[in-house]
Amino acid sequence: MNREVAEDMAIKGLAFLAGDDERLQCFLALSGLDPAHLRQAAAEPGFLAGVMAHLAADETLLLQFAAEIGAAPEEVGAGCALLAGPHAD
């Protein structure tokens, strides 16, 4: 897995969260974001890593997301780890 694949997975993760009001509200509450600022926050460095960390922190959510995108949970974990690591700028 490379950074581009991990970022694509995180974008799918955000769409997964946004696809269900309860999941989205939980993400917003835990991240401290509000819906009005979500788009702005999405452009910030580290946002995608935060999405992946949120998905990985809840096993049920992780399994649902992995199933939805047709990936193994370990792949989601690898994407999370890659985005959480240092950036090569």
Side-chain angles (χ1 to χ4, degrees):
M1 173 169 305
N2 62 37
R3 185 162 192 82
E4 185 177 331
V5 171
E7 288 176 351
D8 183 59
M9 185 180 290
I11 291 166
K12 289 177 184 174
L14 182 58
F16 170 77
L17 294 172
D20 179 89
D21 192 53
E22 188 176 322
R23 287 191 301 242
L24 181 61
Q25 292 306 316
C26 181
F27 173 70
L28 292 173
L30 292 172
S31 66
L33 295 171
D34 61 67
H37 296 101
L38 185 58
R39 187 174 300 236
Q40 180 182 352
E44 295 295 319
F47 178 81
L48 293 178
V51 169
M52 293 297 282
H54 177 76
L55 292 168
D58 180 324
E59 184 177 8
T60 301
L61 196 61
L62 169 66
L63 295 174
Q64 290 172 345
F65 173 62
E68 182 163 306
I69 65 167
E74 296 81 12
E75 291 177 82
V76 178
C80 181
L82 192 125
L83 292 178
H87 299 335
D89 293 330

Are Pro35 and Leu28 packed together at the side-chain level, in the sense that at least one heavy-atom pair is separated by less than 4.5 angstrom? yes

Met52, Leu30: one ILVMFWY side-chain cluster at the under-4.5 Å cut-off? no

Which pairs count as side-chain hydrogen bond (donor to acceptor under 3.5 Å, both in side chains) when at least one residue sits in residues 33-51, sequence neighbours excluded? Asp34-His37

With Ala66, which residues qualify under side-chain contact (heavy atoms from CB on, under 4.5 Å), at least two apart? Pro73, Val76

Closest approach of Ala10 and Leu83, non-hydrogen atoms and distance? CB-CD1, 3.8 Å

According to a hydrophobic-cluster definition based on side-chain heavy atoms being under 4.5 Å apart (Ile, Leu, Val, Met, Phe, Trp, Tyr only), do Phe65 and Leu63 belong together? no

side-chain hydrogen bond (donor to acceptor under 3.5 Å, both in side chains): which pairs involve residues 66-82, sequence neighbours left out? none

Looking at Phe16 and Arg23, what are the two nearest heavy atoms and their distance? O-NH2, 2.9 Å

With sequence neighbours excluded, residues passing side-chain contact (heavy atoms from CB on, under 4.5 Å) with Ala41: Leu33, Phe47

If every non-hydrogen atom of Leu17 is compared with every non-hydrogen atom of Leu61, which pair is closest and at what distance? CD2-CD2, 4.2 Å

Rounded to the nearest 0.5 Å, what separation is found between the CG atom of Leu24 and the CG atom of Leu14? 8.0 Å

Phe27: partners by ring pair (Phe, Tyr, Trp, His ring centres under 6.0 Å), with sequence neighbours left out: His54

side-chain contact (heavy atoms from CB on, under 4.5 Å) partners for Asp8, two or more places apart: Lys12

For Met1 and Ala6 the tightest heavy-atom approach is SD-CB, 3.9 Å

